[in-house]
Enquirer: 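The structure under discussion is supplied below as structure tokens; questions concerning it will follow.
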Number of protein chains: 2
Amino acid sequence: MKLHPQEIEARFRRHAVRVTRQRTAIYAALAETTSHPSADDLYQMVKRQQPMMSRNTVYYTLSVLRDAGLVREVNVGHDMARYDGNVSMHHHLICLGCGQIMDVMDDDLNRLQLSSGQARGFDVLGHRVEFHGYCVSCRQARRDVPSRRG
Amino acid sequence: MKLHPQEIEARFRRHAVRVTRQRTAIYAALAETTSHPSADDLYQMVKRQQPMMSRNTVYYTLSVLRDAGLVREVNVGHDMARYDGNVSMHHHLICLGCGQIMDVMDDDLNRLQLSSGQARGFDVLGHRVEFHGYCVSCRQARRDVPSRRG
DNA sequence: CCCTAGTCAGGAATGATTCCTACATAGCAT
DNA sequence: ATGCTATGTAGGAATCATTCCTGACTAGGG
Ligand SMILES: [Mn+2]
Ligand SMILES: [Mn+2]
Ligand SMILES: [Zn+2]
Ligand SMILES: [Zn+2]
């Protein structure tokens with residue numbers, strides 16, 4: 001969702017995050033996509049408008065926004081970290097072929113709880129659900145190249 | 001669960017994995033613990049019996065066993081990969097303090113499905129559930145040092 | 001408008017994992 | 001049993017996302 005700079009600034013101030021050109025650009029890029037980009041994806045996007053931007057600033061900014069609760073880090077396996085501008089509670093559906101990450105909003109999943117017998121005395125604070133599979137185009141691609149495992 | 005070398009050998013042959021001293025030692029170490037050790041943990045354990053063992057062999061062996069379906073790789077966040085000798089379907093409970101990973105066996109969780117409305121045309125093959133919290137001793141430690149965020 | 005804690009850019013460092021290569025060996029076929 | 005060869009092993013070098021360092025810059029409270 002495309003956000004006005006003033007709305008971004010307001011959110012930053014509400015979360016005690018200093019407003020800078022770099023941060024605004026990075027957060028804006030993240031907020032207007034649902035594609036869960038990596039730090040480097042964001043660096044490439046933002047560099048077009050701000051060629052002086054350092055990759056390092058992207059990493060640092062993302063860590064600041066993450067710690068402030070404005071951004072979520074999504075780790076899938078050992079691939080590079082992906083970032084999510086949607087901080088409301090939700091889960092993900094991941095394509096094993098192309099790595100795309102789709103949002104899953106489902107109240108039943110959000111309410112999932114561990115039975116106390118399984119909790120082992122833990123103070124359980126949250127959970128994460130990931131579904132894995134193949135998206136439409138990856139499924140297609142696999143059918144077209146049956147050489148590797150049917 | 002402690003396994004006899006002959007049982008390990010049988011499993012290897014069933015999965016077309018060549019039997020070597022190194023592989024047997026690595027798989028034995030993994031099978032008799034429930035602690036989800038990292039590659040380096042396993043290297044340290046196995047090196048005691050086989051000082052010539054290379055760290056590289058541990059990585060290579062784990063990839064062979066993983067591809068053969070004898071071992072599962074468990075990635076938690078961006079920490080180093082952890083390995084699981086239990087390949088039956090189950091989920092995990094993770095301590096945010098010490099990083100320990102406990103098994104959660106729960107048929108309801110295993111049966112979890114994505115509603116077709118949410119599936120976005122994906123061919124969904126599996127899912128993963130992770131619960132996060134603090135174990136008994138980490139909870140204790142946090143209480144004892146209330147200096148950082150109560 | 002000043003001051004300074006916080007931020008930025010660029011480069012070096014890190015560290016888990018992977019790649020490379022020469023030697024060793026498991027296990028099939030003589 | 002013996003030899004052959006595809007595969008595995010050890011150790012070192014390379015990779016590469018991420019973090020660390022450092023010196024210049026600036027947001028924003030006073
Ligand atoms: Mn998301
Ligand atoms: Mn497990
Ligand atoms: Zn796909
Ligand atoms: Zn703990």
Side-chain angles (χ1 to χ4, degrees), chain A residues 5-6 8-27 29 36-68 70-71 73-83 99, chain B residues 5-6 8-27 29 36-68 70-71 73-83 99:
Chain A
Q6 63 219 35
I8 294 175
E9 184 172 334
R11 290 191 190 180
F12 281 12
R13 293 196 193 283
R14 223 178 293 137
H15 291 260
V17 169
R18 279 204 185 181
V19 180
T20 69
R21 220 169 344 113
Q22 292 88 337
R23 290 177 178 191
T24 305
I26 292 165
Y27 185 72
H36 306 85
S38 69
D40 205 66
D41 292 338
L42 286 164
Y43 172 60
Q44 301 300 340
M45 295 181 216
V46 168
K47 197 170 50 166
R48 271 177 252 148
Q49 304 143 37
Q50 308 202 22
M52 290 305 288
M53 169 82 63
S54 134
R55 199 191 314 275
N56 201 333
T57 298
V58 177
Y59 278 107
Y60 180 62
T61 297
L62 288 170
S63 79
V64 168
L65 296 179
R66 187 215 318 118
D67 294 349
L70 284 163
V71 149
E73 194 176 312
V74 180
N75 292 302
V76 175
H78 262 188
D79 296 345
M80 52 189 147
R82 309 273 291 259
Y83 292 86
Chain B
Q6 63 218 35
I8 294 174
E9 183 172 334
R11 290 191 191 181
F12 281 12
R13 292 195 194 285
R14 225 178 291 137
H15 291 259
V17 168
R18 278 204 186 180
V19 180
T20 69
R21 219 167 349 109
Q22 291 87 337
R23 290 176 178 191
T24 304
I26 291 165
Y27 184 72
H36 306 85
S38 68
D40 204 66
D41 292 337
L42 286 164
Y43 172 60
Q44 301 300 340
M45 294 181 217
V46 168
K47 197 170 52 167
R48 273 177 250 148
Q49 304 144 35
Q50 307 201 23
M52 290 304 289
M53 170 81 63
S54 136
R55 187 182 266 101
N56 200 336
T57 298
V58 176
Y59 278 107
Y60 181 63
T61 296
L62 288 170
S63 79
V64 168
L65 296 178
R66 187 216 318 118
D67 294 349
L70 284 164
V71 149
E73 195 175 310
V74 181
N75 293 302
V76 175
H78 263 185
D79 295 346
M80 55 189 146
R82 308 273 292 259
Y83 292 87

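Each chain gets a letter, A, B and so on, in the order the sequences are listed, and its residues count up from 1.
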Enquirer: B:Ala29: what forms a side-chain contact (heavy atoms from CB on, under 4.5 Å) with it, not counting sequence neighbours?
Expert: B:Leu42, B:Met45, B:Val46
Enquirer: Going by the rule side-chain contact (heavy atoms from CB on, under 4.5 Å), which residues pair with B:Arg66 if we only count those two or more places apart in sequence or in a different chain?
Expert: B:Ser63, B:Glu73
Enquirer: Quick one: bend of the helix from C:dC1-D:dG30 to C:dT30-D:dA1 from 5 pairs per end, to 10°?
Expert: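 Between the axes fitted at each end of the helix from C:dC1-D:dG30 to C:dT30-D:dA1 lies an angle of 30°.
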Enquirer: Which atom pair, heavy atoms only, marks the closest approach of A:Met80 to B:His78?
Expert: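 Smallest heavy-atom distance, with atoms named: C-CE1, 3.8 Å.
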Enquirer: Please report the distance, rounded to the nearest Å, between CD in B:Gln22 and P in C:dT25.
Expert: 9 Å
Enquirer: Listing time: all N or O pairs from protein to nucleotides 3-5 of chain C that are below 3.5 Å?
Expert:
none

Enquirer: What's the shortest heavy-atom distance between A:Val58 and A:Ala39, and which atoms?
Expert: CG1-O, 3.5 Å
Enquirer: Once side-chain hydrogen bond (donor to acceptor under 3.5 Å, both in side chains) is applied, do any residues pair with A:Gln50, and if so which ones, sequence neighbours excluded?
Expert: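 Partners of A:Gln50 by the side-chain hydrogen bond (donor to acceptor under 3.5 Å, both in side chains) criterion come out as none, since no residue qualifies.
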Enquirer: Which residues pass the side-chain hydrogen bond (donor to acceptor under 3.5 Å, both in side chains) test with A:Gln49, sequence neighbours left out?
Expert: none
Enquirer: Any chance you could measure A:Tyr60, atom OH, to A:Ile26, atom CD1, to the nearest 0.5 Å?
Expert: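 The distance works out to 12.0 Å.
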Enquirer: Other residues, nucleotides and ligands only: do more than 12 of their heavy atoms fall within 6.0 Å of CZ on B:Arg14?
Expert: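 Yes, the 6.0 Å shell around CZ holds more than 12 heavy atoms from other groups.
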Enquirer: Could you list the residues that satisfy salt bridge (Lys or Arg N to Asp or Glu O under 4.0 Å) with A:Arg18, not counting sequence neighbours?
Expert: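 Listed in chain order: nothing, the list is empty.
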Enquirer: Can you check whether A:Thr20 has a side-chain N or O nearer than 4.0 Å to OP1 or OP2 of C:dC8?
Expert: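 Affirmative; the distance criterion is met.
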Enquirer: Would you tell me if any nitrogen or oxygen in the side chain of A:Tyr60 comes within less than 4.0 Å of OP1 or OP2 on C:dT7?
Expert: yes
Enquirer: Please state how far atom CG in B:Asp79 lies from atom P in C:dG15, giving the value in whole angstrom units.
Expert: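 Atom-to-atom, B:Asp79 to C:dG15, this comes out as 14 Å.
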Enquirer: Using whole Å, report how far CG of A:Asn75 lies from C1' of C:dA16.
Expert: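 Interatomic distance, CG of A:Asn75 to C1' of C:dA16: 15 Å.
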Enquirer: Can you give me the first and the last nucleotide of DNA chain D (5' to 3') that has an atom within less than 4.0 angstrom of a non-hydrogen atom in chain A?
Expert: D:dA17 to D:dG28
Enquirer: With sugar-phosphate meaning primed atoms plus P, OP1 and OP2, does B:Val64 contact a base, only sugar-phosphate, or nothing at under 4.0 Å between heavy atoms?
Expert: nothing
Enquirer: Need one value for A:Arg13: base, sugar-phosphate or nothing, where a base atom within 4.0 Å counts as base even if backbone is also close, heavy atoms only.
Expert: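 Sugar-phosphate contact only.
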Enquirer: Taking the nucleotide of DNA chain D with the closest heavy atom to each, which residue, A:Met80 or A:Arg21, is nearer the 5' end?
Expert: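 It is A:Met80 whose nearest nucleotide is closer to the 5' end.
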Enquirer: State which residues pass salt bridge (Lys or Arg N to Asp or Glu O under 4.0 Å) with B:Arg11; sequence neighbours excluded, sorted by chain then number.
Expert: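 In terms of salt bridge (Lys or Arg N to Asp or Glu O under 4.0 Å), with neighbours along the sequence ignored, B:Arg11 is linked to B:Glu7.
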Enquirer: Under the side-chain contact (heavy atoms from CB on, under 4.5 Å) rule, collect the residues that match up with A:Asp40, sequence neighbours excluded.
Expert: A:Ser38, A:Tyr43, A:Gln44, A:Arg55
Enquirer: So, using side-chain contact (heavy atoms from CB on, under 4.5 Å) as the criterion, who are the partners of A:Phe12 when residues are at least two apart?
Expert: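 A:Phe12: side-chain contact (heavy atoms from CB on, under 4.5 Å) contacts with A:Ile8, A:Val17, A:Val19, A:Arg23, A:Thr24, A:Tyr27, A:Leu65, A:Leu70.
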Enquirer: Tell me the interatomic distance from A:Tyr59, atom OH, to C:dA9, atom C1', rounded to whole angstroms.
Expert: 15 Å
Enquirer: How far apart are the C-alpha atoms of A:His36 and A:Val76, what are their side-chain angles, what is the distance that settles it, and do they pass the side-chain contact (heavy atoms from CB on, under 4.5 Å) test?
Expert: CA-CA 11 Å; A:His36 306 85; A:Val76 175; over 6 Å; no
Enquirer: With the threshold set at under 4.0 Å for non-hydrogen atoms, list the residues of residues 36-56 of chain A touching DNA chain C in residue-number order.
Expert: A:Met52, A:Met53, A:Ser54, A:Asn56
Enquirer: First locate atom OG1 of A:Thr20, then atom CD of A:Glu9, and finally report the distance between them rounded to the nearest 0.5 Å.
Expert: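 Spacing of OG1 (A:Thr20) from CD (A:Glu9) equals 11.0 Å.
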Enquirer: Between atom CZ in A:Phe12 and atom P in C:dT7, what is the gap in whole Å?
Expert: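 Going from CZ in A:Phe12 over to P in C:dT7 covers 11 Å.
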